[in-house]
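Proteins come first, then strands; the chains are lettered A, B, ... in the order of their sequence lines, and each starts at number 1.
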Amino acid sequence: MSKLGDLGARLHRGEVGYDFIGNRKIWYGLSVLITITAIVALAVRGLNMGIEFQGGAVFTTPKTDVTVSQATEYAEEASGHDAIVQQLGNGSLRIQVGGLDTEQSDQVRTELAKDLGVPEDKIAAELVGPSWGEQIATKAWTGLGVFMILVVIYLAIAFEWRMAVAALIALIHDLTITVGIYSLVGFEVTVGTVIGLLTILGYSLYDTVVVFDSLKEQTKDITKQTRFTYSEMANRSINGTLVRSINTTVVALLPVAGLLFIGGGVLGAGMLNDISLSLFVGLAAGAYSSIFIATPLVADLKEREPAMKALRKRVQAKRASAAARGEDGLDEGTGAAETAVVGPRAARRGRAQEPRR
Amino acid sequence: MAAPKKGRRPAGGQSRPGRALALILIAMVALTGGMFWSGHTTPRLGIDLAGGTSITLKAKAEPGQESAVNETNMNTAVGIIERRVNGLGVSEAEVQTQGRENIIVNIPKGTNEKQAREQVGTTAQLYFRPVLAVAAAAPEPAPTATPSGTATPKPSASASVGDKKSATPTATASTQGRALSEALKAPNATGTPTPGGSASATPKANGTPKASGTPQPTPSADADTAALQQKFATMNCLDPKVRAAAGQGVKPTEPTVACGEDAPGVWSKYLLGPAEVEGRDVDDAKGVLDQQRSMWIVTMDFTEAGSKKFQAITSKLSQQADPQNRFAIVLDGNVVSAPSVRQTLSASAEISGNFNQQSAQDLGNILSYGALPLTFDTQSVDTVTAALGGEQLEAGLIAGAIGLALVVIYLVVYYRGLSFIAILSLGVSALLTYVIMALLGPAIGFALNLPAVCGAIVAIGITADSFIVYFERIRDEIREGRTLRPAVERAWPRARRTILVSDFVSFLAAAVLFIVTVGKVQGFAFTLGLTTLLDVVVVFLFTKPVMTLLARTKFFGNGHKLSGLDPKSLGAKPPLRRTRRTAPAAGAAGTVEPKEA
């Protein structure tokens with residue numbers, strides 16, 4: 001704790017820190033690589049779409065002695081379609097039969113009950129018509145689109161358009177990675193997955209917004225000083241909020257991990273598992289992107305602004321002249337810690353006085 | 001939509017944390033009290049947790065009438081489906097629209113799911129059939145005069161319409177003859193000449209006026225007629241099963257028997273001729289108040305084709321004596337009204353009788369429904385056994401408990417004493433969430449389903465995030481050399497902004513999800529949105545004031561080692577080396593007024 005706290009303090013003062021912005025090319029490269037892998041995987045392997053998206057039925061039996069292979073046989077015989085049978089943690093079976101419409105699946109349920117020797121009303125059934133998944137998918141896409149537009153508008157107002165663009169790219173990046181992992185591993189895509197994915201929307205942005213908020217604050221009076229370029233400020237922001245970002249991500253992941261453990265480990269399959277899996281993957285991707293992608297992108301975009309270019313020139317000129325005069329502590333080297341404190345504080349002092357006006 | 005709700009001030013403010021705390025305490029007591037007072041102390045459980053069947057239907061407009069999928073038509077359809085489901089004796093079945101084009105039917109466990117399924121998705125079938133004979137519900141030796149009087153224009157309409165759930169032990173209305181669904185093709189044992197229902201939504205009524213005045217409808221089929229009469233004589237409309245069976249598999253072109261409810265619990269049975277006019281011949285119908293006579297009537301307008309057919313039937317009927325001058329409006333094989341006809345009518349007509357507003361509008365709706373150019377596709381049927389539902393609920397609760405425990409452990413390890421505030425706040429948040437969910441059950445029909453439970457669990461993280469944002473801010477202030485009390489106040493405005501901005505993004509996501517999606521996704525989005533809102537409330541009215549109060553204690557204020565605010569372990573540099581800054585004391589009381597940073 002004290003070590004962590006100390007680290008936090010040093011991060012806060014900018015004494016230590018990882019050069020996220022400086023190394024951004026590495027992270028961009030990594031992300032591009034991951035994204036390409038995801039797209040290739042998607043193109044080659046596609047997604048393992050669950051019953052909801054192709055129509056069919058999922059039956060859950062009570063605890064039974066019937067073996068998986070027997071049950072598969074029964075189900076295929078009753079339906080005339082391929083069946084996937086899983087044994088669940090509590091001894092019950094989960095039987096999936098694809099390609100049925102709701103009428104047919106009802107009959108299959110009756111027959112299954114007979115074959116398995118269980119009363120029909122003890123078999124839970126999820127019967128899905130073929131167009132249901134389509135409807136959900138359409139709505140999900142609509143939701144995604146509407147949300148992205150609204151969030152870009154909001155971020156553009158609350159922050160600025162560059163941040164909105166960067167956040168949007170980071171968001172798309174998160175979704176791509178998540179979908180790519182689903183394709184690579186072959187996890188089943190269900191309505192639960194879609195729910196999880198859509199939730200990532202809000203959550204991935206949560207972290208990003210926390211970093212941006214700090215960035216906005218730190219760079220408020222950036223043109224009034226000549227010690228740091230925008231990129232350096234951005235880097236300090238990331239480092240300064242690093243502890244916060246890590247903590248919020250960990251805390252967000254913990255309950256999802258609980259869900260995943262129960263949903264996947266104990267129940268075996270189903271809604272809990274689907275939601276928590278996609279959430280878990282997406283949240284992790286979201287935390288990564290807010291630090292390694294979103295903020296460096298903002299810095300890149302900002303550095304193109306004339307004001308920021310001018311600032312960079314001034315900073316460099318000042319550093320050059322300082323170096324010429326032999327003053328120490330103004331280069332990025334050893335003395336960074338000393339000077340580092342001054343920049344943001346100068347900005348802060350300005351604000352602290354506001355209330356008294 | 002503008003940035004983070006600027007002008008918003010924390011209620012109570014820094015100087016008066018007591019006020020904010022009192023406010024939230026009152027809210028909690030009031031809500032909890034309300035929960036116990038209303039008697040709904042647990043959230044209503046969705047089908048997937050309680051067991052039962054949930055059916056999703058999607059409206060499909062007929063070609064060229066795409067605009068038919070609109071709110072009015074959907075609501076009418078909901079009304080009709082409700083009648084059908086309730087006719088099965090289902091208790092607490094709920095039918096509601098979801099999104100623009102979906103209808104969700106939730107049927108609790110323990111009912112005849114199969115039958116319900118078959119009824120629900122079928123298009124309502126509305127026909128006008130001439131009445132051949134009417135009798136009291138119970139079997140009588142002979143079909144005698146009607147219980148509803150003579151030729152006076154006193155249609156049975158008044159009582160037989162609408163959603164009047166019968167108070168009698170014979171269960172609810174209108175079970176019989178539902179839906180000529182092909183799934184229920186089992187021919188009636190009595191030998192009604194029906195080779196099976198037609199699958200198509202609205203079988204053609206060919207309009208040939210076979211039946212006129214006599215109870216001998218089809219001279220060509222004497223045997224059938226005799227069987228039908230036999231059936232009519234022995235039929236007992238008091239028995240809901242009989243009512244349910246009466247109209248099944250009946251072709252509109254064949255004569256049939258049917259039941260109708262004249263008044264709550266008072267049933268009549270009808271012998272009916274072949275359908276003369278069908279529902280889609282009705283252009284529009286509504287219950288209106290006739291100002292001149294100050295009575296409620298139902299007006300009907302027919303389509304062009306419908307007018308001709310209606311003219312034909314009324315011209316015939318108007319010459320008959322009661323009860324053969326009446327036509328029965330038959331919905332799903334159930335006589336909803338049987339007004340008598342006094343004159344030939346064509347394009348438009350009105351039905352008058354002992355209507356009240358409700359019954360007139362109900363009949364109007366039913367008649368319009370016949371004209372609804374909508375059919376419904378069954379999108380999904382989710383049947384969950386009570387055992388499985390219970391298991392899922394348990395699993396969800398365990399998962400929540402694990403998640404909460406992990407978060408608490410993490411907070412305690414990392415934040416030490418500060419975690420006390422976080423955990424208390426989480427507790428307040430959890431209590432509020434629970435109580436509001438319990439109250440929303442009866443209020444807006446909110447039902448906790450599995451995704452909603454997931455949403456609530458995920459929300460633990462969101463809620464805890466807000467504390468982290470605030471705590472880290474405070475710690476940053478302490479690192480800059482401030483003492484706790486000013487640090488708490490200075491950290492607040494900035495933390496507040498961050499919390500509002502990020503919560504707003506979360507809420508936006510939840511709101512968009514809720515609005516555009518259907519089914520399970522909605523439950524999830526709803527919980528997420530609710531908990532995000534509550535997070536803001538709790539952080540403003542509870543966490544912050546408690547923090548302010550505790551900053552005054554020795555334990556926290558002096559930065560006890562275990563308080564999580566120990567300046568030393570936070571790496572603060574109290575000796576203010578680079579002091580161009582005013583004395584820290586200035587910040588203490590002075591920064592009370594927060595300003596958006």
Are the side chains of [Y] and [X] in contact, using a 4.5 Å heavy-atom criterion?
X: A/L259; Y: B/C454; value: yes
X: B/V469; Y: A/R244; value: yes
X: A/P255; Y: B/V407; value: yes

Residues A/E217, B/T498; criterion side chain to side chain contact (heavy atoms under 4.5 Å, CB included); working and verdict: CA-CA 10 Å; A/E217 183 191 318; B/T498 311; over 6 Å; no

Measuring heavy-atom distances to chain A, does [X] have an atom under 4.5 Å in its side chain, in its backbone, in both, or in neither?
X: B/T56; result: side chain
X: B/D48; result: neither
X: B/L528; result: side chain
X: B/I468; result: both
X: B/I515; result: neither

Looking at [atom1] of [X] and [atom2] of [Y], how far apart are the two atoms once the value is rounded to the nearest 0.5 Å?
X: A/N247; Y: B/L411; atom1: CG; atom2: CG; answer: 8.5 Å
X: A/T60; Y: B/E391; atom1: OG1; atom2: CD; answer: 9.5 Å
X: B/D382; Y: A/L127; atom1: CG; atom2: CG; answer: 8.0 Å
X: A/I123; Y: B/L388; atom1: CD1; atom2: CG; answer: 11.5 Å

Which one wins on heavy-atom pair count under 4.5 Å against chain B: [options]?
options: A/G258, A/A124, A/A57; result: A/A124
options: A/V209, A/T248, A/T249; result: A/T248
options: A/D213, A/L283, A/L279; result: A/D213
options: A/V250, A/T208, A/V256, A/L205; result: A/V250

Stepwise side chain to side chain contact (heavy atoms under 4.5 Å, CB included) test for A/V251 and B/F467: CA-CA 11 Å; A/V251 163; B/F467 309 147; over 6 Å; no

A/F147 to B/V505 - nearest heavy-atom pair and separation: CE1-O, 3.9 Å

Heavy atoms only, distances under 4.5 angstrom: which of [options] has the most pairs with chain A? Name it, please.
options: B/G455, B/S502, B/G403; value: B/S502
options: B/P451, B/A386, B/S54; value: B/P451
options: B/D465, B/I402, B/I462; value: B/D465

Portion of A/I275 that has a non-hydrogen atom of chain B nearer than 4.5 angstrom: side chain

Engaged part of A/F159 at the chain B interface, taking heavy atoms whose separation is under 4.5 Å: side chain

Evaluation steps, side chain to side chain contact (heavy atoms under 4.5 Å, CB included), between B/T383 and A/E126: CA-CA 6 Å; B/T383 306; A/E126 204 184 334; over 6 Å; no

Criterion side chain to side chain contact (heavy atoms under 4.5 Å, CB included) on B/R497 and A/K216, from CA distance to verdict: CA-CA 12 Å; B/R497 193 188 57 182; A/K216 182 189 173 191; 4.2 Å; yes

